[in-house]
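Start at 1 with the first residue, then count along the sequence.
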Amino acid sequence: MTTREKNELKKLQRKKEVRRQYEKIAIILGVIIVIVFAGKMILGKKKSVPTAGNVETSQKQTIVKKTIVETTVQEETTRAIDPNKPMIALTFDDGPGQYTGKLLDALEKYNARASFFMCGYSLKRTDIPVDKLLKRMDALGCDLGNHTMNHCALDKVSKSKRKYEINGVNELVKKAVGYNPKFLRPPYGSDAKVQKAAKMPIVCWSVDTLDWKTKSKKETVKSIMNSAKDGQIILMHDIHSWSVDAAIEAIPKLQKKGYQIVSVSEMAEAKGVKLKKGQPYFEFE
């Protein structure tokens with residue numbers, strides 16, 4: 001055998017030896033992995049076997065966690081209204097609309113509330129998430145109000161028509177949130193016929209921003225700020241982009257001036273007014 005052949009043979013032997021070493025290491029690692037996995041399976045089974053004590057502890061922990069969650073939600077949705085500080089109620093008619101969600105975002109951001117007087121034709125819209133919007137209004141603590149099915153003058157229609165216009169909205173709202181609207185706001189105002197037909201308090205307004213007429217964010221903000229006074233009920237429309245933008249701008253400005261932005265029901269409670277069915281309210285001084 002030549003020297004070259006001897007060297008080649010030695011190289012092959014070294015390669016075989018290295019391969020055997022790798023195989024041994026692989027086998028050892030495989031055994032270790034199997035042992036670890038089997039150990040975890042055994043421990044997992046032991047932990048999952050319920051005993052009376054473990055079940056009781058688990059139930060207690062679940063109850064505690066649930067209580068903590070419920071308490072947190074309660075703290076987030078409950079707020080104190082100071083009756084000694086001025087307050088203003090922003091109210092929105094004819095919705096819900098495509099800008100209502102944006103308004104709700106602002107109310108949540110500034111810890112403010114509002115009252116929404118909704119029409120049946122808006123509640124029947126399919127291009128916006130009506131049920132979701134109503135549920136969010138309710139969750140935020142806003143008032144859900146009735147503004148008739150078709151925005152008609154209730155004093156100029158028959159008794160049966162008045163009943164339909166009011167009950168129709170009641171049914172749509174109740175279907176979404178589980179209860180009837182808190183208030184009725186008759187389009188164009190109220191009279192004796194309407195008051196007799198109403199099965200809930202009637203909420204009118206003390207300030208009409210005329211947002212539907214001016215079509216101006218600037219003019220709407222100006223109207224809100226110039227008429228700002230404790231106990232005022234301000235009329236706006238959340239179906240208009242400029243009106244929603246105006247409200248979003250006005251809310252922090254009013255708060256900076258010391259006003260609490262409240263719902264009508266919050267204001268009535270803070271002012272000690274017990275709202276009566278069929279009775280119109282324009283402001284709470």
Closest non-hydrogen atoms of Val169 and Gly120, given as atom of the first, atom of the second and distance, are CG2-N, 3.8 Å

When rounded to the nearest 0.5 angstrom, what is the spacing between CG in Leu103 and OG in Ser243? 10.0 Å

Does the side chain of Glu165 come within less than 4.5 Å of Leu154's, by heavy atoms? yes

Can Val203 be reached from Met236 by stepping across I, L, V, M, F, W or Y side chains whose heavy atoms are under 4.5 Å apart? no

Side-chain heavy atoms under 4.5 angstrom apart, residues restricted to Ile, Leu, Val, Met, Phe, Trp, Tyr: same cluster for Ile239 and Met118? no

Report yes or no: does Asp143 contribute a side-chain atom to a donor-acceptor pair with the main-chain N or O of Val264 at less than 3.5 Å? yes

Among the clusters formed by ILVMFWY side chains lying less than 4.5 Å apart, do Phe117 and Met267 turn up in the same one? yes

Counting N and O atoms only, with roles assigned by atom type, does the side chain of Asp94 sit under 3.5 Å from a partner on the main chain of His237, one being a donor and the other an acceptor? no

Taking only distance into account, with no hydrogens and no angle test, what donor-acceptor pairs under 3.5 Å do side-chain atoms of residues 193-202 form with protein atoms, sequence neighbours excluded?
none

Begin with the C-alpha distance, continue with both residues' side-chain angles, and end with the deciding distance and a verdict on side-chain contact (heavy atoms from CB on, under 4.5 Å) for Tyr179 and Leu144. CA-CA 10 Å; Tyr179 61 86; Leu144 281 68; 3.9 Å; yes

Non-hydrogen side-chain atoms of Tyr164 and Asn150 separated by less than 4.5 Å: yes

Given the rule in the salt bridge (Lys or Arg N to Asp or Glu O under 4.0 Å) test, do Arg136 and Asp105 qualify, once you have shown the distances and angles that lead to the verdict? CA-CA 10 Å; Arg136 191 176 177 200; Asp105 289 342; 2.7 Å; yes

Expected output: side-chain Arg125 to main-chain Val130 donor-acceptor under 3.5 Å: no

Any side-chain heavy atom of Gln260 sitting closer than 4.5 Å to one from Arg79? no

Are Ile81 and Ile234 joined in one hydrophobic group, where the rule is that I, L, V, M, F, W and Y side chains link up if heavy atoms are under 4.5 Å apart? no

Between atom CG of Leu133 and atom CD1 of Ile128, what is the distance when rounded to the nearest 0.5 Å? 5.5 Å

Can a donor-acceptor pair be found between the side chains of Asp211 and Thr220 at a distance below 3.5 Å? no

Take Thr209 and Thr214 through the test side-chain contact (heavy atoms from CB on, under 4.5 Å) and record every step on the way to the result. CA-CA 9 Å; Thr209 60; Thr214 63; over 6 Å; no

Least distance between heavy atoms, Glu249 atom then Lys253 atom: OE2-NZ, 3.0 Å

Please give me the minimum heavy-atom distance between Arg162 and Val157, naming the atom from each residue. NH1-O, 2.8 Å

Any donor-acceptor pair under 3.5 Å linking the side-chain atoms of Thr91 with those of Arg185? yes

Keeping the roles fixed (side chain from Ser206, backbone from Ile233), state whether a donor-acceptor pair exists under 3.5 Å. yes

Taking the side chain as every heavy atom from C-beta outward, state whether Leu107 and Ile251 have any atom pair closer than 4.5 Å. yes

Solution key, residues 275-285 side-chain donor-acceptor pairs under 3.5 Å, sequence neighbours excluded:
unit_1	atom_1	unit_2	atom_2	d
Tyr281	OH	Lys276	N	2.9

Determine, step by step, whether Met137 and Val177 satisfy the side-chain contact (heavy atoms from CB on, under 4.5 Å) criterion, reporting the C-alpha distance in whole Å, the side-chain angles of both residues, the deciding distance to 0.1 Å, and the verdict. CA-CA 10 Å; Met137 291 176 190; Val177 297; over 6 Å; no

Ring-plane angle category for Phe92 and Phe116, please: parallel below 30°, perpendicular beyond 60°, tilted otherwise. parallel

Spacing of Asn111 atom CG and Leu140 atom CG [to the nearest 0.5 Å]: 9.5 Å

Look at atom NZ of Lys222 and say whether more than 12 heavy atoms of other residues, nucleotides or ligands are closer to it than 6.0 Å. no

Ignoring hydrogens and angles, tell me if any N or O in the side chain of Asp238 forms a donor-acceptor pair with the backbone of Thr100 under 3.5 Å. no

Would a hydrophobic clustering, with Ile, Leu, Val, Met, Phe, Trp and Tyr connected at side-chain separations under 4.5 Å, put Ile248 with Leu235? no

Report yes if the side chains of Pro187 and His147 come closer than 4.5 Å at any heavy-atom pair, otherwise no. yes

Using modelled atom types only, decide if a donor and an acceptor are shared between the side chain of Asp230 and the backbone of Met87 within a distance under 3.5 Å. yes

Run the side-chain contact (heavy atoms from CB on, under 4.5 Å) test on Val173 and Asn146 for me, step by step, so that the C-alpha distance in whole Å, both residues' side-chain angles and the decisive distance to 0.1 Å come before the verdict. CA-CA 9 Å; Val173 172; Asn146 188 322; over 6 Å; no

I'd like to check Glu219 versus Trp242 (side-chain heavy atoms, cut-off strictly below 4.5 Å). Are they in contact? no

Just by modelled atom types, is the Cys142 backbone N or O under 3.5 Å from a matching donor or acceptor in the Arg113 side chain? no

Closest contact, heavy atoms only, Ser122 versus Gly95: CB-O, 3.2 Å

dist Asn180:CG -> Leu172:CG (nearest 0.5 Å) comes out at 11.0 Å

With heavy-atom distances below 4.5 Å as the criterion, would you say the side chains of His240 and Trp212 are in contact? yes

Residues Asp208 and Lys213 bridged, charged N to O under 4.0 Å: no

Please determine whether a side-chain nitrogen of the Lys or Arg among Glu171 and Lys175 lies less than 4.0 Å from a carboxylate oxygen of the Asp or Glu. no

For the NZ atom on Lys135, are there more than 12 heavy atoms of other groups (residues, nucleotides or ligands in this structure) within a distance under 6.0 Å? yes

Any donor-acceptor pair under 3.5 Å linking the side chain of Glu266 with the backbone of Ser263? yes

Salt bridge present between Lys156 and Asp191 (N-O < 4.0 angstrom): no

Hey, does Gln98 have a side-chain heavy atom less than 4.5 Å from the side chain of Asp127? no

